[in-house]
> 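First the structure, which I've put down as structure tokens, then a few questions once you've had a look.
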Amino acid sequence: MAPTKDDPRRDRKLLEALTRSKVYRQYERTFTEATGLPLTLRPIESFGLPFHGKKNENGFCAFLADNKGCGLCLHTQTRCNANPGEKPRSVQCPFGLTETTVPVRLGERVIGFLATGQVFSGPPKADAFRKSIGRVFPAGSTAAVKAAQLWKQTPTMTPTRYEATVQLLNFFAKQLSAFSNQIVVEQENAEPLLVTRARHFIAANKAETLSLAAVAKAAGASVFHFCKVFRKSTGLKFTEYVSRVRLEDAKGRLLNPNLRISEIAYDVGFQSLTQFNRTFKRTFGQSPTEFRTAC
């Protein structure tokens, strides 16, 4: 079950995993090629310019970012992130460009946003541009002139087309939400590294005398911590697991009629034939001789 308690660090790691996923990378490529708009997946609490350096970043926005004129842009990002809800949220920056965030959820809560925009979703408003650019660059300056040229090059999408684009993004956000739950389940069920190390060490040394302390050391953990994590992960006590590994090896050897049962018992790591016979029958419901006969 997906966690419901907020954990910003865990959420960021989850979003990083989503961003690296083949599902997201394929969609990002298709979306940017089909719409000409930038796309990013960002955390809820993020201070910065999410599209800077991204494919299809608006030239005007990039110019502001590179010339330290992005204060108004940062304010727009704050408005985009405010009160995340069920539906996409679109806002216009002071220069009239529309940006949209679409919530990506884990269970019942929002963990991040798919974001796009930096486009006119209606007729450009020159008066609003002149008023806002004066707050960034001195009037008539080279930077102001360049900014005006780039602003005029901003693409325009009709409201209907932009809304359709946002709906496509909303559908994908729901897919990512389902995928995020899948990743969390896989992470929760993933085997701890110390258990993997222990299993490999046991498999390589199963015919030898294996002490709990030696295996814990090979796994890089204290005996107490190792026992707790190992049993939780495998469902078996350390001694039970080692016996099971040895018994599985013995089952394969019993298929060879030329090997004596006593020889097999000692070869796989048991200290006595009696112990081997008793453990084998308790685990598999039949003696080694009965198993061999049945095969």
Side-chain angles (χ1 to χ4, degrees), residues 8 11-13 15-16 18-20 24-82 84 88-104 112-158 161-162 165-166 169 172-173:
D11 290 349
R12 282 182 176 273
K13 290 182 178 179
L15 288 175
E16 290 171 2
L18 288 172
T19 303
R20 292 192 302 267
Y24 177 79
R25 288 186 286 107
Q26 287 182 336
Y27 185 87
E28 181 184 28
R29 182 172 60 252
T30 301
F31 180 88
T32 55
E33 290 176 354
T35 66
L37 301 180
L39 177 66
T40 191
L41 178 59
R42 58 176 300 185
I44 292 180
E45 297 180 2
S46 177
F47 185 79
L49 302 174
F51 305 115
H52 196 42
K54 298 287 291 184
K55 183 178 181 181
N56 292 349
E57 179 185 11
N58 183 291
F60 167 70
C61 300
F63 181 76
L64 291 185
D66 291 337
N67 288 274
K68 301 180 180 180
C70 56
L72 297 177
C73 305
L74 292 173
H75 179 67
T76 300
Q77 296 306 314
T78 302
R79 291 168 56 208
C80 280
N81 294 349
R89 178 183 178 88
S90 294
V91 301
Q92 283 192 348
C93 76
F95 300 100
L97 282 68
T98 299
E99 292 191 9
T100 299
T101 52
V102 181
V104 175
F113 299 103
L114 281 171
T116 191
Q118 295 189 329
V119 65
F120 293 132
S121 58
K125 299 178 181 179
D127 289 343
F129 170 80
R130 284 192 292 269
K131 179 180 178 181
S132 298
I133 202 64
R135 299 166 59 186
V136 180
F137 302 121
S141 66
T142 301
V145 173
K146 179 64 176 180
Q149 293 173 344
L150 293 171
W151 181 81
K152 293 176 182 178
Q153 295 172 13
T154 295
T156 299
M157 297 179 71
T158 64
R161 184 185 171 197
Y162 189 75
T165 300
V166 172
L169 207 56
F172 182 57

> For Leu114 and Thr101: C-alpha separation, side-chain torsions, deciding distance, then whether side-chain contact (heavy atoms from CB on, under 4.5 Å) applies.
CA-CA 6 Å; Leu114 281 171; Thr101 52; over 6 Å; no

> CD of Glu28 to CG of Leu41: how many Å apart, nearest 0.5 Å?
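If we round to the nearest 0.5 Å, Glu28:CD and Leu41:CG are 9.0 Å apart.
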
> Assess whether a salt bridge exists between Arg89 and Glu99, defined as any Lys/Arg side-chain N lying under 4.0 Å from an Asp/Glu carboxylate O.
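Between Glu99 and Arg89 there is no salt bridge, as every charged N stays at least 4.0 Å from the carboxylate O atoms.
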
> Phe120: what forms a ring-ring contact (aromatic ring centres under 6.0 Å, His included) with it, not counting sequence neighbours?
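Partners of Phe120 under the ring-ring contact (aromatic ring centres under 6.0 Å, His included) test: Trp151.
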
> What are the two closest non-hydrogen atoms of Val119 and Met157, and how far apart are they?
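Where Val119 meets Met157 most closely, the heavy atoms are CG2-CG, 3.8 Å.
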
> Working note: Tyr162 + Ser90, criterion side chain to side chain donor-acceptor pair (under 3.5 Å); need CA distance, chi angles, decisive distance, verdict.
CA-CA 10 Å; Tyr162 189 75; Ser90 294; 4.7 Å; no

> If only side-chain N and O atoms count, and only distance matters, is there a donor-acceptor pair under 3.5 Å linking Asn56 with Thr32?
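Their side chains do not contain a donor-acceptor pair, so the 3.5 Å distance test is not met.
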
> Distance check, rounded to the nearest 0.5 Å: Arg161 atom CZ versus Thr158 atom OG1?
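With rounding to 0.5 Å, CZ (Arg161) is 7.0 Å from OG1 (Thr158).
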
> For Thr116 and Phe31, work out which heavy atoms get closest and say how close.
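The pair with the smallest heavy-atom distance is OG1-CE2, 3.5 Å.
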
> Do the non-hydrogen side-chain atoms of Ile44 and Phe113 ever get within less than 4.5 Å of each other?
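A side-chain contact under 4.5 Å exists here.
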
> Under 4.5 Å between any side-chain heavy atoms of His52 and Asp66, yes or no?
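In contact.
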
> Ignoring hydrogens, what is the shortest heavy-atom contact between Val166 and Pro88? Give both atom names and the distance.
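Heavy-atom minimum between the residues: CG1-CB, 3.6 Å.
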
> Out of curiosity, Arg12 CZ to Arg42 CZ, how far, rounded to the nearest 0.5 Å?
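It comes to 9.5 Å.
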
> Please tell me if the side chains of Thr98 and Val91 come closer than 4.5 Å, counting only heavy atoms from C-beta onward.
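The answer is no, as the side chains (C-beta and beyond) never meet within the 4.5 Å cut-off.
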
> Hey, could you give me the OG1/OH distance between Thr19 and Tyr24, rounded to the nearest 0.5 Å?
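Interatomic distance, Thr19 OG1 to Tyr24 OH, rounded to 0.5 Å: 5.5 Å.
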
> Between Thr35 and Leu37 (side chain of the first, backbone of the second, donor and acceptor by atom type, cut-off under 3.5 Å), is there such a pair?
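Flag set: sc Thr35 to bb Leu37 pair under 3.5 Å.
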
> Heavy-atom count around Lys152 NZ within 6.0 Å, excluding the residue itself: above 12?
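Check fails, neighbour count at 12 or below.
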
> Please determine whether side-chain contact (heavy atoms from CB on, under 4.5 Å) holds for the pair Gln118 and Phe51, giving the CA-CA distance in whole Å, both sets of side-chain angles, and the decisive distance to 0.1 Å.
CA-CA 9 Å; Gln118 295 189 329; Phe51 305 115; 3.6 Å; yes

> Within the distance-only criterion (no hydrogens, no angle test), does the side chain of Glu57 pair as donor or acceptor with the backbone N or O of Gly53 below 3.5 angstrom?
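Checking the backbone N and O of Gly53 against the side chain of Glu57, a donor-acceptor pair under 3.5 Å is found.
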
> What's the separation between atom CD in Glu16 and atom CG in Asp11, rounded to the nearest 0.5 Å?
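Result: 11.0 Å between the selected atoms.
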
> Does Lys55 form a side-chain contact (heavy atoms from CB on, under 4.5 Å) with Glu33? I'd like the steps, not just the answer.
CA-CA 10 Å; Lys55 183 178 181 181; Glu33 290 176 354; 3.9 Å; yes

> Identify the heavy atoms of Val136 and Phe95 that sit nearest to each other, and give their distance.
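Smallest heavy-atom distance, with atoms named: CG2-CZ, 4.1 Å.
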
> Which heavy atom of Ala173 sits nearest a heavy atom of Pro103, and at what distance?
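Result for this residue pair: CB-O, 3.6 Å.
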
> State, to 0.1 Å, how close Lys54 and Leu39 come at their nearest heavy-atom pair, and which atoms those are.
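Taking every non-hydrogen atom into account, CE-O, 3.0 Å.
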
> For side-chain contact (heavy atoms from CB on, under 4.5 Å), just list the numbers for Asn58 and Phe63, CA-CA rounded to whole Å, side-chain angles, deciding distance to a tenth of an Å, and then say yes or no.
CA-CA 9 Å; Asn58 183 291; Phe63 181 76; over 6 Å; no

> State whether the side chain of Thr100 and the backbone N or O of Gly117 hold a donor-acceptor pair below 3.5 Å, judged by distance alone.
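Absent.
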
> Is it the case that the side chain of Ser141 and the backbone of Phe137 share a donor-acceptor pair, with hydrogens and angles ignored and the cut-off at 3.5 Å?
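Such a contact is absent between Ser141 side chain and Phe137 backbone.
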
